[in-house]
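For reference, the structure discussed in these notes is given below.
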Amino acid sequence: MSTANISSQRTPAPATNPAGPSLKTQRIIALVLLICQAGITVSGSIVRVTGSGLGCVTWPNCHPGSLVPIQGAAPMLHQAIEFGNRLLTFVVAAAAIASIVAVHKAQRRKELKVYAWAGLAGIFVQALIGALSVVLKLSWWSVAIHFLPSMALVWIAAMLFSRINEPDDGTPTRLFPAAVRTLAVVAAVALSIVLLTGTFVTGSGTHSGDAGVGMEGRLGVDTYGMAVIHAICMYVYLALTLIVVFLLHRTGAPKAARKAGWVLIACIVIQWALGVTQFYLHIPRWTVPFHVGMSSVVTAFTALLWAHGLRRVRTTEIASSSATQTGVESSSATQR
């Protein structure tokens, strides 16, 4: 059976409830959620590099007895940046709630509902971790565990965006060999190590998140050496991704999967260039938001590539693809 044929013949999945939001609307909501999940990581990095992390010293209030910033309690710019980042949490939560409402009103399958609810639950967990990091005065490890779940939420949002277009009554069909899909898992694990070591680099550096903290509470390792380890992990991840894309071409994987792979490689190269720039310029503040933003982009496209390996396809499409493939093989045999 030609997996490429199945991919090209796959039609969009209509919402099972005509009264619910259209498929296009569901996709737009899922895309907005993905952008919001990635965007709040960038705003968080702006908090860090501007030293605004303790612009608000309590949680959920900005200051004791006040939900909003107070004149003179801290530099107003720092208060505004930190408080603005907190307000963005409500925007992301609104997008997550909208996705939940959309998939439920459209009576979509359980898988999509799980992704939607997991995204909302993760936002609440992130809010609590953010509160913990404030209480701990931005200790490096608390900031690290605040960043890493954000990448998991980006992954979940990307999976929702990808899966929402599949028919609910479709049959889960493997579109490229199990060995390639397993290697894609290994690459995803390599990405998680890249992200983890990245938090070690920033945790040992000068951008603590608060202008007055300095190196107090920072990770006590050599930043240069940790940056080299981080780079090596990135090269391993890039190599694994290149092998995956090569095998996708060798095994005749669907065009959409191959395209997703090349886009991912391009994103990794851009992220590599940003990392090298940071290294040789000694991590200037302006580079950090770009690097964090690209981390979200790379994570999202890694999830999208993974999603291409197993798709829901309608039985009629599988049968049609099999019949077409049989006809081609019979014609070739006759010609021979």
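All heavy atoms count here, side chains included; hydrogens, waters and symmetry mates do not.
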* **Sidechain-backbone polar pair: Ser22 side chain, Thr25 backbone, donor-acceptor under 3.5 Å** => yes
* Apply the test side-chain contact (heavy atoms from CB on, under 4.5 Å) to residues Thr173 and Leu310: give CA-CA distance (whole Å), side-chain angles for both, the deciding distance (0.1 Å), then the verdict. => CA-CA 6 Å; Thr173 304; Leu310 187 68; 5.7 Å; no
* Got a donor-acceptor contact below 3.5 angstrom from the His78 side chain to the Thr50 backbone? -> yes
* Can you measure from CE (Met294) to OG1 (Thr299) and round to the nearest 0.5 angstrom? => 10.0 Å
* Heavy-atom side-chain proximity of His230 to Phe200 below 4.5 angstrom -> no
* Asked: Is there a path of hydrophobic side-chain contacts, each under 4.5 Å between heavy atoms of I, L, V, M, F, W or Y residues, that connects Val32 with Phe161?
  -> no
* Does any N or O in the side chain of Ser162 come within less than 3.5 Å of the main-chain N or O of Met159, such that one atom is a donor and the other an acceptor? -> no
* Asked: How about Leu112 and Asp168: do any of their side-chain heavy atoms sit closer than 4.5 Å?
  -> yes
* After noting the C-alpha distance and the side-chain angles of Ile123 and Gln126, does the key distance pass the side-chain contact (heavy atoms from CB on, under 4.5 Å) rule? -> CA-CA 5 Å; Ile123 292 169; Gln126 275 290 68; 5.6 Å; no
* Asked: How far apart are the C-alpha atoms of Gln278 and Phe290, what are their side-chain angles, what is the distance that settles it, and do they pass the side-chain contact (heavy atoms from CB on, under 4.5 Å) test?
  -> CA-CA 10 Å; Gln278 284 186 307; Phe290 289 102; over 6 Å; no
* Which residues share a disulfide bond (SG atoms under 2.5 Å apart) with Cys62, sequence neighbours left out -> Cys56
* Step-by-step side-chain contact (heavy atoms from CB on, under 4.5 Å) determination, Thr302 to Trp155 -> CA-CA 8 Å; Thr302 302; Trp155 180 285; 3.7 Å; yes
* Is Val47 close to Ile81 at the side-chain level, that is, under 4.5 Å between some pair of heavy atoms? -> yes
* To do: Please check if Val263 and Leu240 belong to a single hydrophobic cluster, counting links between Ile, Leu, Val, Met, Phe, Trp and Tyr side chain heavy atoms closer than 4.5 Å.
  => yes
* Asked: Looking only at heavy atoms, what is the nearest atom pair of Ala187 and Tyr237, with distance?
  -> O-CD1, 3.2 Å
* To do: Working to the nearest 0.5 Å, report the span between CD1 of Ile243 and CG of Leu248.
  => 12.0 Å
* What is the minimum heavy-atom distance between Pro69 and Met76, and which atoms define it? -> CB-SD, 4.2 Å
* Show which residues join Trp59 in its hydrophobic cluster (side-chain heavy-atom contacts under 4.5 Å, direct or indirect), or state none. => Leu128
* So, the side chain of Thr287 versus the backbone of Pro284: is there a donor-acceptor pair under 3.5 Å, distance only? -> yes
* From CD1 (Ile268) to OG1 (Thr241), nearest 0.5 Å -> 4.0 Å
* Hydrophobic cluster membership, Phe90 vs Leu88, 4.5 Å side-chain cutoff -> no
* Asked: Does the side chain of Phe176 come within less than 4.5 Å of Arg258's, by heavy atoms?
  -> no
* **Value rounded to 0.5 Å, distance of CG in Asn165 from CG in Leu23** => 5.0 Å
* To do: Verify the distance criterion only: is there a donor paired with an acceptor across the side chains of Gln271 and Ser295 at less than 3.5 Å?
  => yes
* Asked: Linking Ile, Leu, Val, Met, Phe, Trp and Tyr through side-chain heavy atoms less than 4.5 Å apart, which residues share a cluster with Val101?
  -> Ile97, Ile100, Trp117, Leu120, Phe124
* Mind checking the CG-CG spacing from Leu33 to Leu153? Nearest 0.5 Å is all I need. => 8.5 Å
* Asked: Would a hydrophobic clustering, with Ile, Leu, Val, Met, Phe, Trp and Tyr connected at side-chain separations under 4.5 Å, put Ile28 with Val91?
  -> no
* So which heavy atom on Phe83 is nearest to which on Val68, and how close? -> CZ-CG1, 3.9 Å
* Taking atom types as modelled and ignoring hydrogens, do the side chains of Thr41 and Ser150 form a donor-acceptor contact shorter than 3.5 angstrom? -> no
* Pairs in or reaching into residues 78-98: which pass salt bridge (charged side-chain N to carboxylate O under 4.0 Å, His left out), with residues at least two apart or in two chains? -> Glu82-Arg86
* **Which residues share a ring pair (Phe, Tyr, Trp, His ring centres under 6.0 Å) with Phe301, sequence neighbours left out** => none
* To do: Could you tell me whether a side-chain N or O of Arg181 sits under 3.5 Å from a main-chain N or O of Trp306, the two making a donor and an acceptor?
  => yes
* Asked: What distance separates Phe147 CZ from Arg48 CZ, expressed to the nearest 0.5 Å?
  -> 9.5 Å
* Any side-chain heavy-atom pair from Val125 and Pro149 closer than 4.5 angstrom? -> no
* Structure fact -> All heavy atoms of Ile164 vs all of Arg27, minimum pair found to be CG2-CD, 3.3 Å
* Asked: Any side-chain heavy atom of Gln37 sitting closer than 4.5 Å to one from Ser296?
  -> no
* Structure fact -> Residues at least two apart in sequence or cross-chain that pass salt bridge (charged side-chain N to carboxylate O under 4.0 Å, His left out) with Arg163, listed by chain then number, are Glu111, Glu166
* Asked: Is there a chain of hydrophobic side chains (I, L, V, M, F, W, Y, each step under 4.5 Å between heavy atoms) that links Phe246 to Ile265?
  -> yes
* Asked: Considering the options Val245, Leu175, Leu247, which one meets the side-chain contact (heavy atoms from CB on, under 4.5 Å) requirement together with Val180?
  -> Leu247
* Going by heavy atoms in the side chains, are Leu132 and His146 under 4.5 Å from each other? -> no
* Shortest non-hydrogen contact from Pro60 to Leu67? -> O-CD1, 3.6 Å
* Could you tell me whether Phe279 atom CZ has more than 12 heavy atoms of other residues or ligands within 6.0 Å of it? => yes
* Counting N and O atoms only, with roles assigned by atom type, does the side chain of Arg108 sit under 3.5 Å from a partner on the main chain of Val103, one being a donor and the other an acceptor? -> no
* Structure fact -> In terms of heavy-atom contacts, Leu34 and Ala300 come closest through CD1-CB, 4.3 Å
